[in-house]
> 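Have a look at this one.
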Amino acid sequence: MTTGYNFAYLDEATKRMIRRALLKAIAVPGHQVPFGAREMPLPYGWGTGGIQVTASVIGSDDRLKVIDQGADDTTNAISIRRFFARVAGVETTESTTEATIIQTRHRIPETPLREDQVLVYQVPMPEPLFKLEPRVRESTKLHALAEYGLMQVKLYEDIAKQGEVATSYNHPVIVDGRYLMSPSPIPAFDNPKMDMNPAIQLFGAGREKRIYAVPPYTRVESLDFEDHPFRPIRAPHACALCRSTESYLDELITDDRGGRRFICSDTDYCAQRQRT
Amino acid sequence: MIAPGFADPGMDSQACFRALLTAMSYPGRIVALPSPTGMPSGLPPAMAALVLALCDEQTPLWQDAGDDAAAWIAFHTGAPAASLEAARFVMVTAALPSLGALCAGTDEEPQDGATLLLQVAALSEGAGWVLQGPGIKDAARLRVDGAPDGFVAARAALAPIFPRGIDIVLCAGDRIAALPRTTRIAESG
């Protein structure tokens, strides 16, 4: 561990403030709790909110996994893992089952999570109503009143214009029958994994200075209509590497003549399947 | 003389918070906290540990454990003493005040609802109250010895004001179990 930093980079007062916000976020599932986000040694949009949440939760006996769009081997994921190895001296891993804390950008791992694992989401825009009601004072009031008609109308207009709901990612959810929540831009394919998940799901938005949470075993329903039920979308192919027909796939362009391949976005899941 | 606090404030606070995060996330589950090296008489170790881990000058606090406890809390955390209505943290070791008097936050800012640390005689899992709600798969059982009379009813009376509400941490010795405002309690199965 590099000395010269407090454990996990943040000072103790900041961690206490974030911890109090996290506890209230768990107590009011899906509600956005404002917090005093600090400047971090990386730019907004690279996971400053997630890093502050991880820094406040992590202990020296944790094992940290970081994924970016499902991959353990991208610049962002490697940088964040290395950051915590340096400032907290923790072990890191690429294995979903070995990790005690998983920080994620835009995916939920394919391997089912278990109790006591903590999933930390990096969130760019925590407010699900942002594009419909940009005034924070107004959207706060809408949450207080559980008045979510705006979002229903938006989904209705999608169906009226395009015949289907047009959100393939960041599809809004209702948490425990009360709060409308942004699942962060995970693919709609991942939304059902949030429902009744045994793990603790924490969300950090650094630029927007909001923290929210979904406790374990909590109902998370994707917004839909009776005659247009929510459908998770997946490319209708098998992974070119592990042949999985169940995982979420990335599309790779392989040449300039229209060649393409589909491979798992979750690198740990794909590598495990290739080994067995 | 004022008693010492945590042996290693940073790491002990983290362990304490993490245990409370588990307790809040899985209501009814009993977890043990690291105890401070010293604490004033009258404070159960778990309650003392939670105050050290979570409170500072930003958390107005009400407590009924006496002057020694007040001096110890002020020295180690700097948390200002506050009225019951204004306190973010309420520590109860004797008679339970009316839960309706505590700050429950507002519909727009329900996170301002107080955290009540409540001393009880003993906690055990697998019998007693039946808990349901977020964080609980089907149902959990929690037996609480020494809960104040009328506690379950007083707490249930706050359920209709959700998302406003108060979150409760039951402390027995160095062990805790949490009852966030979302948990529903039935007194027997």
> Side chain from CB out, backbone as N, CA, C, O: work out which of these in A:Leu145 comes under 4.5 Å of a heavy atom of chain B, or both, or neither.
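For A:Leu145, no heavy atom lies under 4.5 Å from chain B.
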> So what's closer than 4.5 Å to chain A heavy atoms on B:Ala53: side chain, backbone, both or neither?
backbone
> State plainly whether the residues B:Asp145 and B:Arg143 are in salt-bridge range, i.e. N to O under 4.0 Å.
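Counted as a salt bridge, because a side-chain N and a carboxylate O are separated by less than 4.0 Å.
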> Using non-hydrogen atoms and a 4.5 Å limit, figure out which bit of B:Leu54 sits close to chain A: side chain, backbone, both or neither.
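For B:Leu54, the contact with chain A is made by backbone and side chain together.
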> Heavy-atom distance under 4.5 Å to chain B: side chain of A:Asp62, backbone, both or neither?
side chain
> Between A:Ile58, A:Leu22, A:Val33, which residue shows the highest count of heavy-atom pairs closer than 4.5 Å to chain B?
A:Ile58
> Let's test your reading of the structure: which of A:Met196, A:Arg219, A:Lys141 forms the most heavy-atom pairs below 4.5 Å with chain B?
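Result: the option with the highest number of such pairs is A:Lys141.
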> Taking side chain as everything from C-beta outward and backbone as N, CA, C, O, which of these in A:Ala55 sits under 4.5 Å from a heavy atom of chain B? Side chain, backbone, both or neither.
neither
> Under a 3.5 Å cutoff, is there a donor and acceptor pairing between the side chains of A:Gln103 and A:Thr54?
yes
> Side chain, backbone, both or neither: which part of A:Arg19 has an atom under 4.5 Å from a heavy atom of chain B?
both
> Closer than 3.5 angstrom, by distance alone: can the side chain of A:Glu133 be matched with the main-chain N or O of A:Arg135 as a donor-acceptor pair?
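Yes, A:Glu133 side chain to A:Arg135 backbone: donor-acceptor pair under 3.5 Å.
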> At a heavy-atom distance under 4.5 Å, which candidate from A:Asp61, A:Val118, A:Leu202, A:Ile200 has the highest pair count against chain B?
A:Ile200
> Is the side chain of A:Lys209 donor-acceptor paired with the backbone N or O of A:Ala37 at a distance under 3.5 Å, no angle test?
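It does not hold such a pair.
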> Taking the six-membered ring for Trp, is the centroid-to-centroid distance between A:Phe230 and A:His171 below 6.0 Å?
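Aromatic pair counts; centres sit under 6.0 Å.
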> Side chains of B:Asp8 and A:Phe7: does their closest heavy-atom pair fall under 4.5 Å?
no
> Out of A:His31, A:Glu12, A:Arg178, which one racks up the most heavy-atom pairs below 4.5 Å with chain B?
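Greatest number of close heavy-atom pairs with chain B: A:His31.
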> Is it true that a side-chain atom of A:Gln117 and a backbone atom of A:Arg114 form a donor plus acceptor pair closer than 3.5 Å?
yes
> What part of B:Thr106 lies closer than 4.5 angstrom to a heavy atom of chain A: side chain, backbone, both or neither?
neither
> Answer yes if the side chains of A:Ser182 and A:Asn170 hold a donor-acceptor pair under 3.5 Å, and no otherwise.
yes
> For the interface with chain B, which of A:Thr140, A:Asp116, A:Thr218 has the highest count of heavy-atom pairs at distances below 4.5 Å?
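Max contact count across the listed options: A:Asp116.
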> Among A:Val120, A:Ile101, A:Val123, find the residue that satisfies the side chain to side chain contact (heavy atoms under 4.5 Å, CB included) test when tested with A:Val53.
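One option only clears the test, and that one is A:Val120.
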> Tell me, for A:Val175 versus chain B, whether the close heavy atoms (under 4.5 Å) come from the side chain, the backbone, both or neither.
neither
> Let me know if A:Ser56 has heavy atoms under 4.5 Å from chain B in its side chain, its backbone, both or neither.
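A:Ser56 touches chain B through backbone heavy atoms alone.
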> Among B:Arg181, B:Arg18, B:Gln58, B:Met24, which has the most heavy-atom pairs under 4.5 Å with chain A?
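The candidate making the most pairs under 4.5 Å is B:Arg18.
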> Side chain, backbone, both or neither: which part of A:His143 has a heavy atom under 4.5 Å from chain B?
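For A:His143, no heavy atom lies under 4.5 Å from chain B.
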> Check whether any side-chain heavy atom of A:Phe203 lies under 4.5 Å from a side-chain heavy atom of A:Gln122, and answer yes or no.
no
> When only pairs under 4.5 Å are counted, which of B:Gly105, B:Pro180, B:Ser25, B:Gly133 shares the most heavy-atom pairs with chain A?
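That would be B:Ser25.
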> Side chain, backbone, both or neither: which part of A:Asp176 has a non-hydrogen atom closer than 4.5 Å to chain B?
side chain
> For B:Pro80, does its backbone N or O pair with a side-chain atom of B:Glu57 as donor and acceptor, under 3.5 Å?
no
